[in-house]
A.B. asks: 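Sharing a structure here in structure tokens format.
The chain is numbered in sequence order, starting from 1. Order of appearance sets the numbers: ligands from 1, and atoms from 1 within every ligand.
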Amino acid sequence: MEKMVIEGGVPLKGEVEINGAKNAALPILASCILLEGKSCLGNIPDLTDVTTLCSILNVLGLKTEQKAEKSLDICVEDESGVTAPYELVRKMRGSICVLGPLIGKRKRAKVSLPGGCVIGNRAIDLHIKGLEALGARIKIEAGYIIAEADELKGAEIDLAGAHGPTVLGTCNVMMAAVLAKGRTVIINAAREPEVQDTANFLIKAGAKIEGAGRSEIRIDGVKELKGVEYDIIPDRIEAGTFMIAGAITKGDVTLKNIRFENLTTTVNKLREIGVGITGNNGSCRVFGSERFKPAEITTLPYPGVPTDMQAQLTALLSVADGVSTVSETIFPDRFMHTFELARMGARIKTENGCAIINGVESLTGATVMASDLRASASLIIAGLGAKGVTEVDRLYHIDRGYEKIEEKLSKLGAGIERKKY
Ligand code: EPZ
């Protein structure tokens, strides 16, 4: 087992390079199931979620080869496999993104149901609805989603759900539709930059997709897609996390390899809280202030405040003046981190998908347990800003989405160390 030991209170200073986006890399890697020939993907982050997906793709007959740092060659060698096994899928809910490409290209798929998730219900009804509309026959049997089709045909599909659009559901339907016969129109599509990046990759490979990044996506099926070279977009959630780490320590941090335009709502909220941010596409500078102002935050689908930034923002607001509220509309139960933040002295009450935060002067170090990826980031941020030593346990969560986070933070001057025990 490993834990992160953090000596809090050191202002972070210097430059940090942001990785390629995990949540774009995953559907783009999965969409390689659809392609003929080799693709070379750049800006691929070194994360356990990426390794897990590569293992699933290997089982499905794709060869993956790391040629240089952050770059991966990938191509289909054998199309006979259609099973994504439970042993791998259970490690990562995002594995569901192989379902669309498998049914789209191989006309059969057997993908394990991902199972429970600590951030709340992760339904797949919209994925199934979309793929069925394209002509797939889908049943759930012995813990697996089993999909079959003779031929997929374009259709008009509304992917609106009770909590807004679905990111991977949109990717799955789009990936299944690119080789289908005729036109598919996705209404209420997710607009996240990662969906757009997946579409851009597929377009480069020969797909006909219009409207990605907007709520209506039109796809005209083509006969074949070819392997290409493509660079994944920078990770807006890793960028936002480093912004808050810089701010809470009252530091002065420059972020490199970012797309500022994808960070607009996070930046606006942070500025409202009193964080100094100047920047443009490519890089930005973040500097903290003596005290932070309270805020009302509601997570929403893009371009709203991302649910994947909620835990980190909650950590920052726990040391802001006055009362802040954080409403979580995407995953209303995603508040496990608040109980651990409370162990560090935060005053947070949660009810009905909302956290009410009474800001305190400062947090104090404690031993805390990470419950999921963004919760781990939130606890590390809290530890960096706290007085004394914080130990974050169950560290494996952080490696799913943050590449060498302790190395990056150490370079910025943080007192942070990964320890085996
Ligand atoms: C993606 O998950 C991200 N994962 C998540 O990031 C992110 O939190 C989430 O989108 C929301 O932005 C990846 O991209 C790999 P959804 P996804 O389908 O696509 C409901 C992280 O920390 N819903 O957009 O699985 C669902 O229950 C992770 O990096 C249905 O009702 O999320 C939720 O309330 C965690 N039916 C809402 O929609 C469905 O069929 C949004 O979920 C699908 C979803």
A.B. asks: Is E328 in contact with ligand 1, taking contact as a heavy-atom separation below 4.0 Å?
C.D. replies: no
A.B. asks: Please check whether L126 reaches ligand 1 - meaning an N/O of the residue sits under 3.5 Å from an N/O of the ligand, judged on distance alone.
C.D. replies: yes
A.B. asks: Which residue supplies the protein heavy atom nearest to atom 17 (P) of ligand 1, what is that atom called, and how far is it?
C.D. replies: R122 NH2, 3.9 Å
A.B. asks: Please determine whether any non-hydrogen atom of E194 lies less than 4.0 Å from an atom of ligand 1.
C.D. replies: no
A.B. asks: Quick one: look up the protein heavy atom nearest atom 18 (O) of ligand 1 and list residue, atom name and how far away it is.
C.D. replies: T166 OG1, 2.6 Å
A.B. asks: Distance only, no hydrogens: is a donor on one side chain within 3.5 Å (strictly under) of an acceptor on the other, for T314 and Q310?
C.D. replies: yes
A.B. asks: Tell me the protein heavy atom at minimum distance from atom 19 (O) of ligand 1, and give that distance in Å.
C.D. replies: L168 N, 2.8 Å
A.B. asks: Using heavy atoms and a 4.0 Å limit, tell me yes or no: is R93 in contact with ligand 1?
C.D. replies: no
A.B. asks: By the definition side chain to side chain contact (heavy atoms under 4.5 Å, CB included), identify the one residue from I232, I56, L53 that meets it with L29.
C.D. replies: L53
A.B. asks: Among all protein heavy atoms, pick out the one at the shortest distance from atom 41 (C) of ligand 1; state its residue, atom name and that distance to 0.1 Å.
C.D. replies: I330 CG2, 3.6 Å
A.B. asks: Record the part of V167 in heavy-atom contact with ligand 1 below 4.0 Å; permitted values are side chain, backbone, both and neither.
C.D. replies: both
A.B. asks: Does the side chain of T241 pick up a donor-acceptor pair with the side chain of Q312 at under 3.5 Å?
C.D. replies: yes
A.B. asks: Any atoms of ligand 1 less than 4.0 Å from a non-hydrogen atom of H163? List them with their elements.
C.D. replies: 34 (O), 37 (C)
A.B. asks: Tell me, which protein residue and heavy-atom name are nearest atom 26 (C) of ligand 1, and how many Å apart are they?
C.D. replies: F331 CE2, 3.9 Å
A.B. asks: Measure from NZ or CZ of K204 to the centre of the six-membered ring of Y230 and say whether it is under 6.0 Å with the direction within 45° of the ring axis.
C.D. replies: no
A.B. asks: Backbone or side chain, does any N or O of L26 fall under 3.5 Å from an N or O of ligand 1?
C.D. replies: no
A.B. asks: Atoms of ligand 1 less than 4.0 Å from T307 heavy atoms?
C.D. replies: 8 (O), 11 (C), 12 (O)
A.B. asks: Does K22 come within less than 4.0 angstrom of ligand 1, counting non-hydrogen atoms of the residue?
C.D. replies: yes
A.B. asks: Closer than 4.0 angstrom, basic N to acidic O: yes or no for E194 and R236?
C.D. replies: yes
A.B. asks: Is the closest heavy-atom distance from P165 to ligand 1 below 4.0 Å?
C.D. replies: yes
A.B. asks: Regarding R285 and the six-membered ring of F287, is the cationic atom NZ or CZ under 6.0 Å from the ring centre and inside 45° of its axis?
C.D. replies: yes
A.B. asks: May I ask you to say whether K208 pairs ionically with E210, meaning some side-chain N is under 4.0 Å from a carboxylate O?
C.D. replies: no
A.B. asks: Where's the contact between R374 and ligand 1, heavy-atom distance under 4.0 Å: side chain, backbone, both or neither?
C.D. replies: side chain
A.B. asks: Does H127 use its side chain to pair, donor to acceptor, with the backbone of V173 at less than 3.5 Å?
C.D. replies: no
A.B. asks: Could K38 and E65 be called an ion pair, given the rule that one side-chain N must be under 4.0 Å from one carboxylate O?
C.D. replies: no
A.B. asks: Using the rule given for salt bridge (charged side-chain N to carboxylate O under 4.0 Å, His left out), can you reason through K419 versus E2, listing the C-alpha separation, both sets of side-chain angles and the distance that settles it, and then say yes or no?
C.D. replies: CA-CA 6 Å; K419 283 201 173 146; E2 288 181 330; over 6 Å; no
A.B. asks: Between the side chains of D372 and H397, does any donor sit under 3.5 Å from an acceptor?
C.D. replies: no
A.B. asks: Atom 39 (C) of ligand 1: which of A123, S95, A162 has the nearest heavy atom?
C.D. replies: A123
A.B. asks: Work out which heavy atom in L363 is nearest to a heavy atom in G345; give both atom names and the distance.
C.D. replies: CD2-C, 3.9 Å
A.B. asks: Got the closest protein heavy atom to atom 27 (O) of ligand 1, with its distance?
C.D. replies: N121 O, 3.0 Å
A.B. asks: What is the closest protein heavy atom to atom 5 (C) of ligand 1, and at what distance does it sit?
C.D. replies: D308 OD2, 3.7 Å
A.B. asks: May I ask which of T299, N23, I96 has a heavy atom nearer to atom 3 (C) of ligand 1 than the others do?
C.D. replies: N23
A.B. asks: Who's the nearest protein heavy-atom neighbour of atom 36 (N) of ligand 1, and how far?
C.D. replies: D125 OD1, 2.7 Å
A.B. asks: Which one of L270, L263, I244 satisfies the side chain to side chain contact (heavy atoms under 4.5 Å, CB included) criterion with M309?
C.D. replies: I244
A.B. asks: Near R334, which atoms of ligand 1 are under 4.0 Å from a heavy atom of that residue?
C.D. replies: 8 (O), 22 (O), 35 (C)
